[in-house]
Structure formats: structure tokens, C-alpha cells
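Written below as C-alpha cells is the structure these notes are about.
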Amino acid sequence: MSNRLLSWGLLAGFAVLIGIVAGLVVLRPASVQIQSGTLLQQARPIADFSLNGSDGKPFTKADLAGHWSVIYVGYTHCPDVCPTTLAQLKAVEKGLGEDAGKIRFIFLSIDPERDTPEALGQYTHYFSPDFLAVTGPNAQLDILGANLGFVYAKVPGATPQSYLMDHSSALILINPRAGLAGYLTPPFKTDALVGDLKQLVEKSS
Amino acid sequence: MRVKLSAITLLLAGAAAAPAYADCKGLKIDNAWIPEAPPVASVLAGFASLSNDGDQPLHIDAVDGADFGSVELHQMSMEGGMMQMRPLQGLDLPAHGSVALAEGGKHLMLMNPKHPFKAGDASVVLFHCGKQATPARFTVKAAQP
């Protein structure tokens, strides 16, 4: 009799143990490690915003849902780093092969005064026809900046037209639920970016 | 005497046609290039290696080119994750010294190109140092990521 009780006790203990282990495995967040930047432990929700796409349509939070997004903040009057980064993103897009269709690359201009959506689109599509180009009023850019953790500032230049823009240099990662997932930080290496993005896309699908 | 006079006349005629400058003494400009940019770009970057072979320091106080509305010198820097650009008031080249205009550092801002440039095109840019100026031929190349 006592033997039987002991067996039941052992079985119950074993079941609890299995439950704990299973719970740990199931509830543990997918451990994705990236080389090119940092992933947030938990994706952060983004408040609603309304920008303008180069296609003439509004660009809102809904446009970030359903796929991964990589946002690059810059402006077209930046001749050194911005075109180099866009050319690098083009190489990354190519390196992703079929997975490129699961990621949207977005060039976000923080210089709406000079970058009209149309001109911004022509500039961006020179690098890849699949890249999105968006900008919008400063008030909306500020809302998005506060949510995504980017900043920008206008700096006077030699003439009123040749002012400069300081801006955050990290690439911003948005997950398919339109949440802020993390950042990719320079110096960017094409192969590492491809590897990281492939991993994110595959682990989340 | 006669030969000399006609030489001077020729020189003057040349000067009237286009402003001719004596070269900045000791200034050498190598590997001058422009990364290819979208045709709609209103600013192009200019990169080059500048060196001063002379015994006197050189100060480049202005840069211009017939193909551009204006040319400025800028310094790019990364400060706490922020990309920053600042205009420079000229460039100083110590005697037997050099300065690199390179990606991610000092560069030329070739503003308002008068026509679009594509890989293989070239443009002459003048580096001024006081009353002298040295021309450099910049070739447009595809930017390498």
C-alpha cells in the first residue's frame, strides 16, 4: 500500500517537473542573437502616426504590420553617408534573396522642407524600386521619433538653403506586429546585416 | 623683345577669356572622385587625397567648379549615435603634410549640379589658396557599399 502511494507520489512529482520544464521551453522568448545591433527584450508598441509616402498615399502604423521593416532615417541633401547606406541596403536586399520579400526597407526623410515625397521617391528608387520613401510634417516625425527612439536637429549652414540635419544613424527594426523590435548600429557590414535579417524573418515565421 | 611682347599679349588674351590661376605652390590632388548619386540629387560628395609638397603651409580658402552652383567643405562625424555634418572654414595643409577628403570624414559638398552625373563622367573643381588655385579632375564612380 505504502509502495503504491510512493509510486503515485513519484509520478505526480515527475508530472510537475515535466510541466515546469515544458512551461520554461514554451514560455521562453525565442532567443535570437544578432551581430549588427541590439534586440529589445520585449518589442515596444508604437503610437499612431501619419506620414506621406512617395506614392502619394498616407503612410501610417498599419503599413508597418504584417512584415518586418527596416527604417533608415536620413535626408537627400546628405551626400556622404546617406547614399552609401542606401547602396548598402540595396546590397543587403540582394543578399536576402527570397527573404527580401518579407522585409520592407523604408527611407524616412527628416527634412520635409527640402525632400518633397515625389523627389524623395525618385531619389530612393534609384537604389531599389522596392524601397519605400516617406516623410511628413515635423509634428508627425516627432511623434514617430519619440516612439522609435530617433532624433534629428536642423543646423544652420553657409546659406539658408544649405542647412544641415543631424540625425540618428541606427537602422530601426520593426516586427510584423508593428512593434519596435530593436536597432542595427553602424558601422554596417552587408554580410552581417543579411545574416541577422534572415534569422529574424525565419524565427518569426 | 618682340617674342616676349607677343607672349605677354597671348597671356593677357588668355586671361581675358577665362580667369587663369597660378597653381597653389606644392598642392597635389590625387584620386579625386565623386560617388555616383541619384540623378535627382541636389548635392554630390567629392573625395580626394590632398598633399602639400612645399616647404610652406597651405590654406585652401575656397573651392568651386563650373558644373556646380557652389562648393562647400564639410566635416562628417558620429557623436553618440548621431550623424553630424559641419561646414569647414577652409583646409590647412602643413608643409609636407596631407589631408584626406574621404567617406565618413571631410568631404566636398558639390551643390546644385548643373546637369546629372553618371559613372564615367568627370568635372573639374578648383581649389583656391589666396590668389592661386589648382584644378583637379573629379571622375564619377559607382559608390561601393
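All values below come from the heavy atoms of this structure, side chains included, with hydrogens, waters and symmetry mates left out. Chain identifiers are assigned alphabetically (A, B, ...) following the order of the sequence lines, protein sequences preceding nucleic acid strands; residue numbering begins at 1 within each chain.
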Is A:S168 in contact with chain B via its backbone, its side chain, both, or neither, using a 4.5 Å heavy-atom distance?
both

Which answer fits B:Q84, side chain, backbone, both or neither, if we ask what part of it has an atom under 4.5 Å from a heavy atom of chain A?
both

Which bit of B:E36 comes within less than 4.5 Å of chain A, counting heavy atoms only: side chain, backbone, both or neither?
both

Do B:D61 and B:H128 have side-chain N/O donor and acceptor atoms under 3.5 Å apart?
no

What part of A:Y183 gets closer than 4.5 Å to chain B, counting heavy atoms only: side chain, backbone, both or neither?
neither

Given the options B:M83, B:M78, B:H107, which has more heavy-atom pairs under 4.5 Å with chain A than any of the others?
B:M83

Is the closest side-chain heavy-atom distance between A:L132 and A:S54 below 4.5 Å?
no

So for A:P187, is it side chain, backbone, both, or neither that comes closer than 4.5 Å to the heavy atoms of chain B?
neither

Assign the ring pair A:H167 / A:Y75 to parallel, tilted or perpendicular, where the plane angle (0 to 90°) is split at 30° and 60°.
perpendicular

Looking only at heavy atoms, which two atoms of A:D80 and B:G105 are closest? And how far apart?
OD2-N, 4.0 Å

For A:F131, is the NZ or CZ atom of A:R104 found under 6.0 angstrom from the centre of its six-membered ring and inside 45 degrees of the ring axis?
no

Bottom line for B:M76: the part with an atom under 4.5 Å from chain A's heavy atoms is side chain

Give, as side chain, backbone, both or neither, the part of B:M85 having an atom under 4.5 angstrom from any heavy atom of chain A.
both

Count the heavy-atom pairs under 4.5 Å between each of A:S162, A:G74, A:P83, A:A170 and chain B, then report the option with the highest count.
A:S162

A:V73 versus A:Y152: any side-chain heavy-atom pair under 4.5 Å?
no

For the pair B:I34 and B:L110, evaluate side chain to side chain contact (heavy atoms under 4.5 Å, CB included) and give the outcome as yes or no after the intermediate values.
CA-CA 9 Å; B:I34 295 169; B:L110 306 163; 3.6 Å; yes

May I ask you to establish whether A:K90 and A:F127 are in a cation-pi arrangement, using a distance under 6.0 Å from NZ or CZ to the six-membered ring centre and at most 45° from the ring axis?
no

Looking at B:E79, B:M111, B:H74, B:M82, which one has more heavy-atom pairs under 4.5 Å with chain A than the rest?
B:M82

Residue, of A:L86, A:T159, A:L164, A:T76, that accumulates the most heavy atom pairs under 4.5 Å with chain B
A:L164

Side chain, backbone, both or neither: which part of A:T124 has a non-hydrogen atom closer than 4.5 Å to chain B?
neither

Chain B heavy atoms under 4.5 Å from A:V92: which part of the residue, side chain, backbone, both or neither?
neither

For B:K114, is there an ion pair with B:D67 - N to carboxylate O distance below 4.0 angstrom?
no

For chain A, which candidate among B:S70, B:G104, B:G80 shows the most heavy-atom pairs at distances under 4.5 Å?
B:G104

Between B:D55 and B:K25 (salt bridge meaning N to carboxylate O under 4.0 Å), is one present in this structure?
no

With chain B as the partner, which of A:T85, A:V155, A:V151 has the greatest number of non-hydrogen pairs under 4.5 Å?
A:V155

Please determine, among A:H125, A:Q161, A:Q122, the option with the most heavy-atom pairs under 4.5 Å with chain B.
A:Q122

